Colleague: 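A single structure is presented below for examination.
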Amino acid sequence: MKDIASHVGVSVSSVSLVLSGRGEGRVNAAVAKRIRDVADELGYVPNQLARSLKTKQSRTIGVVSDRVATVPFSGHMLAGAQQAAWESGFMLMLIDTYGNDEVQTPAVQSLLQRNIEGLIVATNFHKVVEVPLVPPTMPVVILDGRPGDDSHPTVDYVVPDEELGAYSSTRMLVDAGHTRIGFCDVAAYPIASALRERGYRRALEDQGIPVDPSLTVVAEDAATRYAEGPARRLLDRPDRPSAVFCFSDQTAMGFYNVARRLGLSVPEDLSIAGFDNQEFVAEALDPGLTTVQLPHREMGEWAVRRLVGRLDGSLDTADREGCLMPCSPVVRNSIGPPSRG
């Protein structure tokens with residue numbers, strides 16, 4: 001600002017008034033324009049750190065993530081959060097713990113030392129999260145998880161609507177005419193597992209289709225290789241289902257592989273619906289997999305906007321909220337009518 005004042009021939013206080021947006025009526029309009037022009041020429045950038053010390057506002061949101069930053073699939077949450085922060089005049093400061101719980105506390109402390117105004121704790125799948133120790137007035141949002149402690153008054157959370165997503169995916173199979181619909185569950189993700197099973201069962205029951213427990217198989221994990229054993233048990237039987245709802249798109253890929261080995265065509269002999277709309281999986285399968293979209297980007301956007309709303313006073317700070325984000329259907333070509341054979 002001293003350099004700008006010297007170039008224009010005015011006081012530093014005049015430069016400060018103009019560049020902080022407080023110069024109207026206090027600094028001559030022509031002089032103010034000259035100050036702004038010279039500031040642009042010199043590449044002037046406000047010192048946000050110095051400003052934050054004075055205003056007590058850093059315009060910074062801290063993010064502690066658990067492998068979210070290193071997994072492309074869930075990285076869309078960070079992209080959505082960053083976009084929403086940028087549009088709101090904030091920036092994100094991110095530390096990823098790589099799944100090491102011992103890193104979380106020093107990570108949060110490091111962010112607090114940098115004067116963050118709010119905190120997002122992001123996970124790479126739907127689970128219960130312990131709320132970090134932060135000042136009681138600091139807003140916190142759990143992104144893709146639920147708080148394990150209800151005592152913090154300003155902890156909000158956002159998760160995908162797992163049950164409704166599973167309902168939608170299964171319902172697409174029902175609407176195609178299928179009544180024998182299998183379900184491949186996954187044991188490694190208990191919250192999502194329980195909710196997706198509930199959605200599957202409700203989609204059948206709403207249409208008067210009895211739930212047959214023998215048509216449910218369980219994979220150890222969501223990766224494709226874990227699905228192939230359960231897929232063979234379900235498909236290599238004389239009374240196999242005509243359709244299958246899979247816990248994830250990677251699980252569905254296992255069913256594609258086993259169906260092909262058994263000489264079954266998708267969707268002519270077997271219809272398959274997935275969950276996630278995982279990049280490089282659902283579109284890459286042949287035929288393309290009909291599934292539902294995990295709303296990662298939308299959840300990231302919601303998390304930031306919720307924090308900003310608490311910070312600018314537009315939200316009731318006592319009104320804790322848990323948001324269930326819808327999982328929209330993505331229709332491709334893996335569902336057809338039941339085979340007459």
Side-chain angles (χ1 to χ4, degrees), residues 73 125 162 165-190 192-197 199-201 203-204 209-294 327 329-341:
F73 178 37
F125 65 90
E162 310 270 11
Y167 181 94
S168 299
S169 195
T170 306
R171 185 60 188 265
M172 288 188 283
L173 296 169
V174 173
D175 290 346
H178 296 276
T179 56
R180 284 186 58 75
I181 301 173
F183 172 44
C184 185
D185 202 354
V186 167
Y189 306 97
S193 168
L195 293 170
R196 294 182 193 186
E197 180 185 15
Y200 158 76
R201 296 174 68 92
L204 299 181
I209 301 172
V211 177
D212 183 349
S214 73
L215 296 183
T216 294
V217 291
V218 181
E220 181 182 341
D221 207 325
T224 297
R225 67 181 183 277
Y226 294 105
E228 295 192 353
R232 181 168 288 276
R233 292 196 299 273
L234 192 60
L235 301 182
D236 193 15
R237 49 188 270 188
D239 61 342
R240 62 174 175 80
S242 63
V244 178
F245 163 55
C246 295
F247 177 91
S248 71
D249 294 348
Q250 290 191 63
T251 303
M253 184 187 291
F255 274 76
Y256 270 69
N257 294 342
V258 171
R260 184 179 64 252
R261 293 170 197 153
L262 294 175
L264 302 174
S265 296
V266 178
E268 290 79 10
D269 302 310
L270 178 70
S271 289
I272 301 178
F275 198 118
D276 292 344
N277 195 33
Q278 188 167 353
E279 197 172 7
F280 308 127
V281 176
E283 287 187 354
L285 289 170
D286 186 17
L289 177 66
T290 292
T291 183
V292 293
Q293 175 74 56
L294 265 180
C327 302
V330 181
V331 178
R332 296 191 180 91
N333 299 307
S334 64
I335 297 178
S339 170
R340 296 183 178 179

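For the numbers below, each heavy atom of this structure counts, side chains included, while hydrogens, waters and symmetry mates do not. Nothing here was measured: the structure is a model prediction, and the numbers come from that model.
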Colleague: List in chain and number order the residues that pass side-chain contact (heavy atoms from CB on, under 4.5 Å) with P230, two or more places apart in sequence or in another chain; answer none if no residue qualifies.
Modeller: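 So P230 forms a side-chain contact (heavy atoms from CB on, under 4.5 Å) with C184, V217, A219, R233.
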Colleague: Does R201 have any salt bridge (Lys or Arg N to Asp or Glu O under 4.0 Å) partners at least two apart in sequence or in another chain, and if so, which?
Modeller: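 Not a single residue meets the salt bridge (Lys or Arg N to Asp or Glu O under 4.0 Å) criterion with R201.
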Colleague: With sequence neighbours left out, what residues match T224 under side-chain contact (heavy atoms from CB on, under 4.5 Å)?
Modeller: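 T224 satisfies side-chain contact (heavy atoms from CB on, under 4.5 Å) with E228, Q250, M253, N257 only.
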Colleague: Check whether any side-chain heavy atom of V186 sits under 4.5 Å from a side-chain heavy atom of R196, and report yes or no.
Modeller: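 Heavy-atom side-chain distance check fails, nothing below 4.5 Å.
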Colleague: With side chains defined as the heavy atoms from C-beta onward, is the minimum distance between S168 and C327 less than 4.5 Å?
Modeller: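 S168 does not reach C327 side chain to side chain.
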Colleague: Considering all heavy atoms of both residues, which atom of F245 and which atom of G274 are nearest to each other, and what is their separation?
Modeller: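 In this case the closest contact between F245 and G274 is CE1-O, 3.8 Å.
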Colleague: Sequence neighbours left out, what passes side-chain contact (heavy atoms from CB on, under 4.5 Å) with S265? Give chain and number order.
Modeller: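 In terms of side-chain contact (heavy atoms from CB on, under 4.5 Å), with neighbours along the sequence ignored, S265 is linked to E268, D269.
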Colleague: Mind checking whether L173 and I335 have side chains closer than 4.5 Å, heavy atoms only?
Modeller: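 Yes, side chains in contact.
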Colleague: According to side-chain hydrogen bond (donor to acceptor under 3.5 Å, both in side chains), who are the partners of S248, at least two apart in sequence or on a separate chain?
Modeller: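 S248: side-chain hydrogen bond (donor to acceptor under 3.5 Å, both in side chains) contacts with T251.
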Colleague: What are the two closest non-hydrogen atoms of G336 and S271, and how far apart are they?
Modeller: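 Nearest pair, atom of G336 first, then S271: N-OG, 2.9 Å.
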Colleague: Check whether any side-chain heavy atom of C246 lies under 4.5 Å from a side-chain heavy atom of I272, and answer yes or no.
Modeller: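 Of all side-chain heavy-atom pairs linking I272 with C246, at least one is under 4.5 Å.
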Colleague: Can you check whether V330 reaches V292 side chain to side chain, under 4.5 Å on heavy atoms?
Modeller: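 With C-beta onward as the side chain, the pair stays apart.
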Colleague: For N277, give me all partners under side-chain hydrogen bond (donor to acceptor under 3.5 Å, both in side chains), at least two apart in sequence or on another chain.
Modeller: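 Here the qualifying residues are Q293, R332.
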Colleague: To the nearest 0.5 angstrom, please state how far the CG atom of N333 sits from the CG atom of L285.
Modeller: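 Going from the CG atom of N333 to the CG atom of L285 covers 11.5 Å.
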Colleague: Could I get the full list of salt bridge (Lys or Arg N to Asp or Glu O under 4.0 Å) partners for E220, not counting sequence neighbours?
Modeller: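 Residues passing salt bridge (Lys or Arg N to Asp or Glu O under 4.0 Å) with E220: none at all.
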Colleague: Determine the minimum heavy-atom distance between G177 and P338, stating which atoms define it.
Modeller: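 Scanning both residues, the minimum pair turns out to be O-CG, 3.3 Å.
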Colleague: How close do P287 and P267 get, counting heavy atoms only, and between which atoms?
Modeller: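 Minimum heavy-atom separation between P287 and P267: CG-CD, 4.2 Å.
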Colleague: Who passes side-chain contact (heavy atoms from CB on, under 4.5 Å) against D236, sequence neighbours left out?
Modeller: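 Partners of D236 under the side-chain contact (heavy atoms from CB on, under 4.5 Å) test: R232, L262.
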Colleague: Are the side chains of S334 and V266 in contact, using a 4.5 Å heavy-atom criterion?
Modeller: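 Answer yes - side chains close enough.
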Colleague: Sequence neighbours left out, what pairs pass ring-ring contact (aromatic ring centres under 6.0 Å, His included) with at least one residue falling in residues 213-234?
Modeller: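 Every candidate ring-ring contact (aromatic ring centres under 6.0 Å, His included) pair involving residues 213-234 fails, so no pair, neighbours aside, qualifies.
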Colleague: Roughly how far, to the nearest 0.5 Å, is the OG atom of S339 from the CG atom of L270?
Modeller: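 The OG atom of S339 is 10.0 Å from CG of L270, to the nearest 0.5 Å.
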Colleague: For D221, enumerate each residue passing the side-chain hydrogen bond (donor to acceptor under 3.5 Å, both in side chains) test, keeping only those at least two apart in sequence or located in another chain.
Modeller: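 If we apply the side-chain hydrogen bond (donor to acceptor under 3.5 Å, both in side chains) test to D221, skipping adjacent residues, the hits are Y189.
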Colleague: Heavy atoms, side chains only, cut-off 4.5 Å: are L234 and V244 in contact?
Modeller: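 Counting from C-beta outward, L234 and V244 do come under 4.5 Å.
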Colleague: Which salt bridge (charged side-chain N to carboxylate O under 4.0 Å, His left out) pairs, counting each pair once, include a residue from residues 172-185, with sequence neighbours left out?
Modeller: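 Counting only pairs at least two positions apart or across chains, the salt bridge (charged side-chain N to carboxylate O under 4.0 Å, His left out) contacts touching residues 172-185 are R171-D175, R180-D212, R180-D239.
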Colleague: Name all pairs fulfilling the ring-ring contact (aromatic ring centres under 6.0 Å, His included) condition that reach into residues 255-277, sequence neighbours left out, sorted by first residue then second.
Modeller: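 Listed once each, the pairs would be none.
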Colleague: Are L204 and T170 close enough, and set up right, to give a side chain to side chain contact (heavy atoms under 4.5 Å, CB included), and what steps lead you there?
Modeller: CA-CA 8 Å; L204 299 181; T170 306; 4.2 Å; yes
